[in-house]
2 protein chains.
Amino acid sequence: MARTTGSDGEKTEAAIREAAVNLIARLGYEAMSMRQLATEVGVQAAALYRYFPTKEDLLFTLMRGHMEGLIDAWDAARPAAADPATRLAAYVENHIAFHIKRRHSTHVSNMELRSLSHDRLSQILKQRTAYEKELRTILRDGSEAGVFSVDDTGLTAMALIQMMTGVIVWFRPGERLSISEVTATYLSMTMRLVGAKAHGATTSYSAARPLGRSKEAVAL
Amino acid sequence: MARTTGSDGEKTEAAIREAAVNLIARLGYEAMSMRQLATEVGVQAAALYRYFPTKEDLLFTLMRGHMEGLIDAWDAARPAAADPATRLAAYVENHIAFHIKRRHSTHVSNMELRSLSHDRLSQILKQRTAYEKELRTILRDGSEAGVFSVDDTGLTAMALIQMMTGVIVWFRPGERLSISEVTATYLSMTMRLVGAKAHGATTSYSAARPLGRSKEAVAL
DNA sequence: ATGATAATAAAACGAACGTTCAATTAATTC
DNA sequence: GAATTAATTGAACGTTCGTTTTATTATCAT
């Protein structure tokens, strides 16, 4: 056989990307073989090379797409001109929503950086730094305006991002907590962490607690 | 050649473990070859199999040792019978100190779990859960005693652990911040996050700020 | 000194890897 | 409907992988 009936380049490429994200997230980049990926897509291994010249090209494409999606999502969610607390709340909500929705993709982008060449690693890190800088700016603005008390802007930004991104390690949709409950709790923790001074009914974050009391969290 | 002069089983095994931790942390478990490891140790690949029957056995041994070290460190640092805030402070200090000191080992234990067989994964997760349970207990005690205000004990414990462990991603010894400065800032953030009510001069964590002001944090 | 044992080297195994190439068929264009 | 282009197959390439086997030498106990 050769070309199969109904074959379509765009559909195949999309299928490869989706299967690759899932496989890499589950097995790891090094552990996933091109033949495994091809089987998942329903195609021969050689066909993959029509769309991605090398395995690393495939990985890089996935990561770049993930980072672009993250930055685009924040650009769309960012409040036009608001006080630091509102902007911080928007950042937290967007970050958690995006990372829960794109769990596998996030896993890949966070865990497989070392499989990138130097140049490509730099490109991804550049995107990541730009995204993180948005948070540092918010923290600095809030700190200078006196509505946050933050010891060290850079360190606090890193701590918050690690904390929020960590959601994907244990969160499973449809289990004990809903996305909105998780987001509310993380928002509350974030606001306390940065020492936000409440200044209105809608910003009383520390009272936004889910209904149920927890017994045990499910690890991993 | 065969046995070399001065060769010693115990020393070789220790050298293998140390080299393996560094190599796996840098390249990843799948990407590190047994021949690479052997070269690093200064030995032939076949010699590794005298000490570890398979590559996965080696990985498991490293991870189990790491988790045992973490639990032992906490057993040694745990305050005998103290109030929740003191216990929480001890937990945070121990966690950060241990993870900074054993950065590479932590990297391996956190990133390579998927390369373990089902049974061995369960063993490591069991150890991890036991360690995390200590933190949940502290949070629950503090919450019930009214000295912490925590929405969800399990979720807060996970958030704190992700935040603290994240230190190893960006912290480099000898750079802008010292270990004690980092620890002080994380302690301060932790106490605010759990809504700890200060009840004495030594527990005024939110004032424990490092001297220098940050300009930019170094990513990765 | 000698025999036992511990530690390693050297070479080889089959399997799996990423990738390439030529052939073949489906879809599209003219 | 013929020519062209797009999509895929099947087979093969050289390399590297984890691991095993066998032989050889250093060390240690007697």
Side-chain angles (χ1 to χ4, degrees), chain A residues 1-24 26-63 108 112 114-117 120, chain B residues 1-24 26-63 108 112 114-120:
Chain A
M1 271 202 292
R3 178 166 189 172
T4 55
T5 67
S7 62
D8 178 328
E10 283 191 27
K11 285 181 187 170
T12 303
E13 176 167 353
I16 292 173
R17 294 167 79 131
E18 192 191 327
V21 166
N22 293 332
L23 273 183
I24 296 175
R26 193 163 76 239
L27 311 172
Y29 169 75
E30 295 281 356
M32 177 201 75
S33 77
M34 295 300 267
R35 286 173 179 85
Q36 232 175 331
L37 174 58
T39 300
E40 196 81 2
V41 177
V43 101
Q44 289 295 317
L48 304 174
Y49 288 82
R50 181 173 182 77
Y51 304 94
F52 303 96
T54 68
K55 193 185 180 188
E56 196 212 317
D57 275 281
L58 170 57
L59 177 64
F60 176 67
T61 301
L62 296 177
M63 287 185 169
V108 173
E112 309 294 352
R114 59 184 158 205
S115 295
L116 252 29
S117 71
R120 288 174 159 171
Chain B
M1 269 199 295
R3 179 169 189 172
T4 55
T5 68
S7 63
D8 179 327
E10 283 192 28
K11 285 181 186 170
T12 304
E13 177 167 353
I16 292 172
R17 295 167 78 130
E18 192 190 326
V21 166
N22 292 332
L23 273 183
I24 296 175
R26 192 163 77 239
L27 311 172
Y29 169 76
E30 295 280 355
M32 178 202 74
S33 76
M34 294 301 267
R35 286 173 179 82
Q36 234 175 328
L37 174 58
T39 299
E40 195 82 2
V41 177
V43 102
Q44 289 296 318
L48 304 175
Y49 288 82
R50 181 169 183 79
Y51 303 95
F52 303 97
T54 69
K55 193 185 180 187
E56 196 213 318
D57 274 282
L58 169 57
L59 177 64
F60 177 65
T61 301
L62 296 177
M63 287 185 168
V108 173
E112 308 295 351
R114 58 187 160 203
S115 295
L116 252 29
S117 71
H118 181 79
D119 277 1
R120 287 173 160 174

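Remember, it's a predicted structure, so these values are computed and weren't measured experimentally.
- Within residues 36-46 of chain A, the residues approaching DNA chain D are A/V43, A/Q44, A/A46, by heavy-atom distance under 4.0 Å.
- Not counting sequence neighbours, the partners of B/R35 by the side-chain contact (heavy atoms from CB on, under 4.5 Å) test are B/S33, B/A45.
- Under the side chain to side chain donor-acceptor pair (under 3.5 Å) criterion, B/R26 pairs with no residue, sequence neighbours left out.
- For residues 12-20 of chain A, proximity to DNA chain C is found at no residue, defined as any non-hydrogen atom under 4.0 angstrom from a strand atom.
- Under the salt bridge (charged side-chain N to carboxylate O under 4.0 Å, His left out) criterion, A/E18 pairs with no residue, sequence neighbours left out.
- Rounded to an integer number of Å, the gap from OH of B/Y49 to P of D/dG18 is 6 Å.
- When each of C/dT8, D/dT8, C/dT24 is scored by its nearest atom to the side-chain atoms of A/T4, the top-ranked nucleotide is D/dT8.
- Annotation: side chain to side chain donor-acceptor pair (under 3.5 Å) contacts of B/E112 (sequence neighbours excluded): A/R114.
- Residues passing the side-chain contact (heavy atoms from CB on, under 4.5 Å) test with A/A14: none are found, sequence neighbours excluded.
- Every residue two or more places apart in sequence or in another chain was checked for a side-chain contact (heavy atoms from CB on, under 4.5 Å) with A/T39, and none qualifies.
- Note on residues 37-59 of chain A: pairs passing salt bridge (charged side-chain N to carboxylate O under 4.0 Å, His left out), not counting sequence neighbours, are A/E56-A/R120, A/D57-A/R120.
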Under-3.5 Å N/O pairs linking protein and nucleotides 4-6 of chain D:
{"from": "D/dA6", "atom 1": "N3", "to": "A/R3", "atom 2": "NH1", "distance (Å)": "3.0"}

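- For A/A15, the side-chain contact (heavy atoms from CB on, under 4.5 Å) partners two or more places apart in sequence, or in a different chain, are A/V41.
- B/R35 places its CZ atom 9 Å from the C1' atom of D/dT19, with the value rounded to the nearest Å.
- Counting only heavy atoms from C-beta on, B/K55 has its side chain closest to D/dT19 among C/dT8, C/dC17, D/dT19.
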